[in-house]
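Shown next, in structure tokens, is the structure this report addresses.
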Amino acid sequence: MDKVAVLGLGLIGGSLLLRSVDAAVTPSAVGYDADPATRGLATERLGPAAVAADLASAVDGADLVVLAVPLPAVPTVLGALRNVGYRGLLTDVTSVKEPVRALVGEGTRFVGGHPMAGKEASGFDAADAELLVGCAWALCLDAGTALPDWLDVARWVLAIGGQVAPLTSAEHDTAVARISHLPHLVAASLTASAAAEPIGPAALGLGAGSFRDATRVAATRAALTAAMCGGNAAALTSEIDALQARLAEARALLTGEDPIGALTEWLEGPRAIRAQWPPPGVETELPLTRDALLALGRAGGRLTAIGADLARAIRP
């Protein structure tokens with residue numbers, strides 16, 4: 001690809017642009033943000049050549065356009081792209097995939113993506129060129145996704161430094177409901193419970209490692225968390241129900257005859273899973289077929305390189 005345009009220069013979009021420029025991932029990388037102040041910050045850091053004054057200039061001649069805006073802003077940006085006549089390859093970094101795919105609609109060269117990296121901080125000030133290096137990057141290979149387009153985006157992700165996890169949009173949304181969106185709601189709930197009166201100040205004063213680690217993402221900007229959780233409401237509702245059922249099991253054990261013994265047995269399974277995460281990877285090769293790629297992603301594997309006919313990968 002000769003030119004990539006990143007639309008939206010918050011934490012992820014800003015990090016993408018910084019990485020693209022610093023590592024010379026493509027001959028040309030240009031960013032645009034609707035907020036003039038954000039464009040100013042990006043221009044100060046990267047220079048005027050890397051930041052467009054308007055969306056039309058940003059996407060002019062682009063081989064790939066990256067949507068790096070929150071879900072509520074996606075319809076506006078898609079409308080602007082249609083208005084300027086962009087018809088090239090499109091990807092995104094939004095934390096839900098089925099809603100974005102529905103908004104994009106049929107007839108667009110689109111490959112949904114989601115880099116699994118972030119911070120509780122947001123905005124271009126928090127952007128980091130190294131943020132996405134080594135991260136798992138879900139890349140959606142749906143029935144309507146052209147495999148050559150998917151491979152082009154996958155090669156770009158690898159050049160950025162990510163590792164590609166092939167999944168369908170539906171599989172992605174179910175997975176992130178469990179490992180991203182539900183933890184955000186749990187962190188918020190734990191934080192609110194810790195601060196509850198009358199003992200809240202004392203509880204917060206005693207907070208240490210377990211509280212810090214379990215609640216870190218509660219500091220994320222509320223609008224961002226609400227957008228990703230609300231955009232994945234169906235999958236997330238099911239995961240909340242499953243969590244409530246597990247907590248109900250624990251509660252029942254606490255009121256039994258041997259709460260310590262029963263809880264020890266109940267906790268052992270999760271302890272073993274967490275102790276073995278992330279699993280050691282085994283290098284392998286696979287053909288560049290839709291079935292082989294999806295089988296890799298469903299097994300928890302990631303692509304690390306793509307050749308002409310084969311891909312290298314790490315699988316559990």
Side-chain angles (χ1 to χ4, degrees), residues 95-97 114-120 131-141 162-191 193-194 207-220 225 228-229 232-256 258-284 286 292-304 313-316:
S95 60
V96 289
K97 299 274 63 78
H114 182 201
M116 301 305 298
K119 304 177 183 178
E120 62 273 21
L131 179 67
L132 305 171
V133 176
C135 78
W137 196 308
L139 211 56
C140 296
L141 187 52
Q163 297 182 347
V164 178
L167 292 168
T168 66
S169 293
E171 289 166 344
H172 165 275
D173 288 357
T174 298
V176 297
R178 295 182 181 183
I179 53 84
S180 177
H181 303 167
L182 183 63
H184 273 80
L185 297 187
V186 170
S189 300
L190 290 173
T191 302
S193 296
S210 59
F211 178 75
R212 180 194 63 236
D213 294 345
T215 62
R216 178 182 61 82
V217 295
T220 305
T225 301
M228 68 180 182
C229 292
N232 201 18
L236 186 50
T237 299
S238 296
E239 296 307 321
I240 291 173
D241 291 344
L243 177 62
Q244 288 176 330
R246 292 187 184 95
L247 290 174
E249 289 178 3
R251 189 184 188 286
L253 297 177
L254 287 169
T255 61
D258 180 19
I260 294 177
L263 276 175
T264 300
E265 183 177 351
W266 186 83
L267 290 166
E268 180 55 33
R271 186 212 62 78
I273 292 169
R274 184 60 179 82
Q276 296 166 13
W277 179 86
V282 177
E283 290 192 359
T284 186
L286 67 153
L293 291 166
L294 286 174
L296 174 74
R298 289 163 181 162
R302 308 175 188 177
L303 295 179
T304 57
I314 299 173
R315 66 185 312 143

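Because the structure is a prediction, the values reported are computed rather than measured.
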I need the minimum non-hydrogen distance between His172 and Ser95, along with the two atoms involved.
CE1-O, 3.3 Å
Minimum heavy-atom distance between Ala295 and Arg315, given as atom pair plus value
O-NH2, 4.1 Å
Taking all non-hydrogen atoms of both residues, which atom of Pro259 and which atom of Gly256 are closest, and how far apart?
CD-O, 3.6 Å
How close do Pro316 and Ala299 get, counting heavy atoms only, and between which atoms?
CG-O, 3.2 Å
Quick check for you: to the nearest 0.5 Å, what is the distance between Ile179 atom CD1 and Met116 atom CE?
3.5 Å
What do you reckon, is CD1 of Ile260 surrounded by more than 12 foreign heavy atoms closer than 6.0 Å?
no
To the nearest 0.5 Å, atom NE2 of His114 lies from atom NZ of Lys97 at 6.5 Å
Extract all donor-acceptor atom pairs below 3.5 Å that involve side chains of residues 213-220 and protein atoms in other chains or at least two apart in sequence.
| unit_1 | atom_1 | unit_2 | atom_2 | d |
| --- | --- | --- | --- | --- |
| Thr215 | OG1 | Phe211 | O | 2.6 |
| Arg216 | NH1 | Glu120 | OE1 | 2.9 |
| Thr220 | OG1 | Val217 | O | 2.8 |

Quick one: does Leu185's side chain get under 4.5 Å of Leu236's, heavy atoms only?
yes
Distance, nearest 0.5 Å, that separates CG of Leu182 from OG of Ser238
11.0 Å
Distance from Leu243 atom CG to Leu247 atom CG, nearest 0.5 Å?
4.5 Å
Would the number of heavy atoms belonging to other residues, nucleotides or ligands and lying under 6.0 Å from CD of Glu268 be above 12?
yes
Give a yes or no on whether the backbone of Val96 and the side-chain of Asp173 come within a donor-acceptor separation of less than 3.5 Å.
no
dist Leu141:CG -> Leu167:CG (nearest 0.5 Å) comes out at 9.5 Å
Is any side-chain heavy atom of Leu303 less than 4.5 Å from a side-chain heavy atom of Leu293?
yes
Within the structure provided, determine whether Leu131 and Lys119 are in side-chain contact (heavy-atom separation under 4.5 Å).
yes
For the pair Thr255 (side chain) and Ala252 (backbone), establish whether a donor and an acceptor sit closer than 3.5 Å, ignoring hydrogens and angles.
yes
Heavy-atom pair of closest approach, residues Leu286 and Ala292:
CD1-O, 3.4 Å
Side-chain heavy-atom pair His184, Met228 within 4.5 angstrom cut-off
yes
Chi angles and distances behind the salt bridge (Lys or Arg N to Asp or Glu O under 4.0 Å) call for Glu249, Arg246
CA-CA 5 Å; Glu249 289 178 3; Arg246 292 187 184 95; over 6 Å; no
Heavy atoms of Ile314 and Leu296 approach each other most closely as O-CD1, 4.2 Å
